[in-house]
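Every heavy atom of this structure was used, including side-chain atoms; hydrogens, water molecules and symmetry mates were not. Residue numbers start at 1 and run along the sequence shown. No experiment lies behind these values; they were computed from the predicted model shown.
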Amino acid sequence: MRITVNNKETETAAQNLAELAAELSLPEKGVAMAIGTQMVQRAEWAATPLCDGASIIIIKAACGG
């Protein structure tokens with residue numbers, strides 16, 4: 001299916017946010033995801049299905065000062 005990840009159109013076989021995280025090799029910690037404007041807690045990623053045309057925002061924590 002085709003989805004948008006951080007404003008970039010992407011083709012994925014992932015059926016939910018957990019599968020998408022694995023497909024994108026996201027780290028275990030320091031990452032947040034939202035579908036549209038709705039943040040999804042990591043505990044809910046496996047239960048949150050993706051649909052064609054979904055807009056996903058991925059935010060990665062960064063260290064610095």
Where the side chain of [X] meets the backbone of [Y], is there a donor-acceptor pair that is under 3.5 Å apart?
X: Asn16; Y: Thr48; result: no
X: Thr37; Y: Ile35; result: no
X: Glu23; Y: Glu19; result: no

Checklist entry - If every non-hydrogen atom of Met39 is compared with every non-hydrogen atom of Ala32, which pair is closest and at what distance? => result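 So the minimum-distance heavy-atom pair works out to CE-CB, 3.4 Å.
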Item to check | Interatomic distance, Leu50 atom CG to Thr12 atom OG1 [nearest 0.5 angstrom] | outcome: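 Here the rounded value is 6.5 Å.
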Item to check | Distance (rounded to the nearest 0.5 Å) between Cys51 SG and Gln15 CD | outcome: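 Between atom SG of Cys51 and atom CD of Gln15 there are 11.0 Å.
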Next on the checklist: Checking side-chain contact (heavy atoms from CB on, under 4.5 Å) between Met33 and each of Ile57, Leu17, Val5, which is the one that passes?
Outcome noted: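 Exactly one candidate clears the test, Leu17.
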Checklist entry - Is Met1 reachable from Trp45 through a run of I, L, V, M, F, W or Y residues, each pair having side-chain heavy atoms under 4.5 Å apart? => result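 In one cluster with Trp45: Met1, yes.
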Next on the checklist: Apply side-chain contact (heavy atoms from CB on, under 4.5 Å) to residues Leu26 and Leu20 and explain how you reach the verdict.
Outcome noted: CA-CA 9 Å; Leu26 296 179; Leu20 181 64; over 6 Å; no
Next on the checklist: Do Val31 and Ile59 make a side-chain contact, defined as non-hydrogen atoms from C-beta onward lying under 4.5 Å apart?
Outcome noted: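 They are not in contact (no side-chain heavy atoms under 4.5 Å apart), so the answer is no.
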Next on the checklist: Quick one, Leu24 and Ile58 - any side-chain contact, counting heavy atoms below 4.5 Å?
Outcome noted: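 They are in contact (side-chain heavy atoms under 4.5 Å apart), so the answer is yes.
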Checklist entry - Considering residues, nucleotides and ligands other than Asn7, do more than 12 of their heavy atoms fall under 6.0 Å from its CG? => result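 12 or below, so no.
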Next on the checklist: For the CD atom on Glu28, are there more than 12 heavy atoms of other groups (residues, nucleotides or ligands in this structure) within a distance under 6.0 Å?
Outcome noted: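 Open.
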